[in-house]
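Report on one structure; see the data block that follows.
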Amino acid sequence: MNNERDYYKATRRAVAAVNLPSPLKDRLDAIVRSVARSMNSGASLILLDSSGSKAVHSSSRALPQFYLHKGLLDVDKSLCEVLSGQTVTISDVANDSRIQHPELAAKAGIVSILGVPVMSGERAVGSIRVYARERCEFSAQDIAFVTTMANLAAIALNSDPSCQKTAVKQKNPLPPEASLLRRARSVDFAHPSEEDFARILDFYNIEWVYEPRSFPLRWDGDSVTEMFTPDFYLPGLDLYIELTTLRQSLVTHKNRKLRRLKELYPEVKITLLYKNDYDRLLAKYGCGPLAQTRAHGISRVLYSAVQIDDRVRALAGQISKDYANRRPLMVGVQRGFLCFMADLIRQITIPVDIDFMAISYYTGGSDSAVRITKDIDLSVVGRHVIMVEDIVDTGLTLTFLVDWLRERNPRSLKVCALLDKRKRRLVPFEADYVGFTIDDGFVVGYGLDFDEKSRFLPDICTIKNHN
Ligand code: 5GP
């Protein structure tokens with residue numbers, strides 16, 4: 001599929017990425033990215049879970065979400081072969097009995113597959129797979145390249161102290177029961193709100209599993225009398241999400257179950273999304289009952305221009321100290337960052353470079369996904385990057401953007417946010433520099449808008465009647 005020189009360059013890039021002191025996930029992502037790019041195909045790294053019997057996608061490139069959600073990987077015969085240490089090539093997935101979901105592969109545009117084991121000594125711990133969109137007889141050179149990348153993945157796994165014993169468990173702890181539910185060829189949501197929510201997760205490229213696992217809560221002798229089945233599991237974040245979009249009266253009951261779940265399974269991370277939060281999340285993307293509601297003017301000044309100035313000076317002082325002699329590249333995310341970043345860079349006392357990016361909004365279509373509508377112009381490779389955002393709310397946007405920027409191999413990456421609504425976090429996200437931590441409520445001014453209004457206000461204000 002490619003010539004030796006291109007493979008050499010890709011290998012060199014991947015080795016450099018693996019050699020960086022970055023988190024394991026980033027290093028594995030860099031390997032998969034190199035494979036996908038240089039072979040002009042989809043690619044994934046599949047690792048065995050801690051029990052050694054189930055496989056989960058650990059990292060993937062250029063593969064649609066529905067294909068990643070297609071279900072049980074452990075029954076896929078081609079994977080079994082790879083996990084027994086063999087290299088597998090399938091030139092026509094539509095007519096090969098080893099492929100469990102040929103129709104989904106066809107829908108995803110996959111024609112040929114190459115699977116190479118990731119070996120840790122004598123033992124296969126996973127596989128790198130290449131998904132070609134055109135029929136392909138993989139050459140010896142293609143196989144040698146992917147084998148090199150699989151060896152590199154094994155080195156990254158083995159050299160990571162946190163995962164030497166429980167590599168996959170820590171990275172992607174898909175609960176055993178999840179694989180059973182992921183047998184479903186298509187997801188049958190119990191409630192339309194769940195489907196909307198799954199679309200938002202797809203939008204942010206966050207992997208999810210629907211109703212992954214039931215937790216027994218009470219027993220009568222040997223039989224379970226009460227269970228709790230969270231709506232979603234996000235393997236990449238090891239987080240369960242429960243939507244409470246039903247009647248408020250049922251929320252008390254659910255809260256009680258949740259308390260019990262936390263007592264019995266303290267290691268389980270779960271976020272409950274209340275109806276109001278959920279409706280507001282949907283409204284942000286133009287759907288749901290609150291989408292058409294309108295704010296009615298300024299309610300009160302939350303932070304005056306003078307208070308903002310003081311705080312921005314303090315942040316600038318901290319950044320100047322932390323980045324002395326490191327000339328950071330500050331990347332603003334359009335458009336709410338405008339006033340904040342303009343003031344920040346004027347108070348910073350060291351040289352900085354600046355750049356901007358913008359992302360698109362949810363379109364509601366079935367192929368909705370975050371799109372970068374304005375990419376950065378400067379290279380971030382080897383740079384100390386600081387992303388500058390107006391506000392962190394659910395954390396979805398920044399989680400996506402940070403992942404996206406990390407893939408470009410900056411030397412370091414931090415986030416500076418003017419405002420942080422910590423209590424409304426849906427996914428765990430910590431900004432490194434925060435101007436003000438605020439409670440609920442929608443704010444405008446100092447660059448932040450509502451419906452493109454009020455950006456020009458010098459103060460940060462809350463608005464009336466905003467749901
Ligand atoms: P997240 O993905 O963290 O939920 O969303 C962050 C984005 O939501 C921000 O960049 C901002 O555009 C928008 N946002 C969240 N809360 C507010 C708010 O109170 N006021 C304004 N103007 N935008 C907000």
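Counting starts at 1 for both ligands and their atoms, following the listed order.
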Evaluating non-hydrogen atoms only, which member of Ile460, Asp393, Val333 is closest to atom 3 (O) of ligand 1?
Asp393

Would you please classify the geometry between the Tyr433 ring and the Tyr323 ring as parallel, tilted or perpendicular, with 30° and 60° separating the classes?
tilted

For Asp449, the ligand 1 atoms whose distance to one of its heavy atoms is below 4.0 Å:
21 (C), 22 (N)

Pull out every atom of ligand 1 sitting under 4.0 Å from any heavy atom of Glu389, numbered as shown with elements.
10 (O)

Give a yes/no verdict on whether any heavy atom in Ile391 is under 4.0 Å from an atom of ligand 1.
yes

Return yes when Arg424 approaches ligand 1 closer than 4.0 angstrom through a heavy atom, no otherwise.
no

Could you check whether any heavy atom of Phe450 sits closer than 4.0 Å to an atom of ligand 1, since that is the contact criterion I want to use?
no

Quick check: Phe356 with Phe337 (ring centres under 6.0 Å apart)?
yes

Distance flag, aromatic centroids of Tyr240 and Phe232, threshold under 6.0 Å
no

Numbered atoms and elements of ligand 1 in range of Lys421, under 4.0 angstrom, heavy atoms
16 (N), 17 (C), 18 (C), 19 (O)

Determine whether Asp390 and Tyr446 satisfy the following criterion, side chain to side chain donor-acceptor pair (under 3.5 Å), listing intermediate values before the conclusion.
CA-CA 9 Å; Asp390 50 359; Tyr446 193 61; over 6 Å; no

Examine ligand 1 and decide if any of its atoms is less than 4.0 Å from a heavy atom belonging to Gly395.
yes

Does NZ or CZ of Arg408 fall inside the cone over Trp404's six-membered ring, less than 6.0 Å from its centre and within 45° of the axis?
yes

Holding to salt bridge (charged side-chain N to carboxylate O under 4.0 Å, His left out), I want the full list of residues that pass it with Arg327, two or more places apart in sequence or in another chain.
Asp353

So if I apply the side chain to side chain donor-acceptor pair (under 3.5 Å) rule between Arg425 and each of Thr394, Asp393, Thr271, Asp420, which one comes out positive?
Asp420

Compute the minimum heavy-atom distance from Asp390 to ligand 1 and say whether it is under 4.0 Å.
yes

Counting from 1 in the order shown, the ligand 1 atoms closer than 4.0 Å to a non-hydrogen atom of Leu448 are 20 (N), 21 (C), 22 (N)

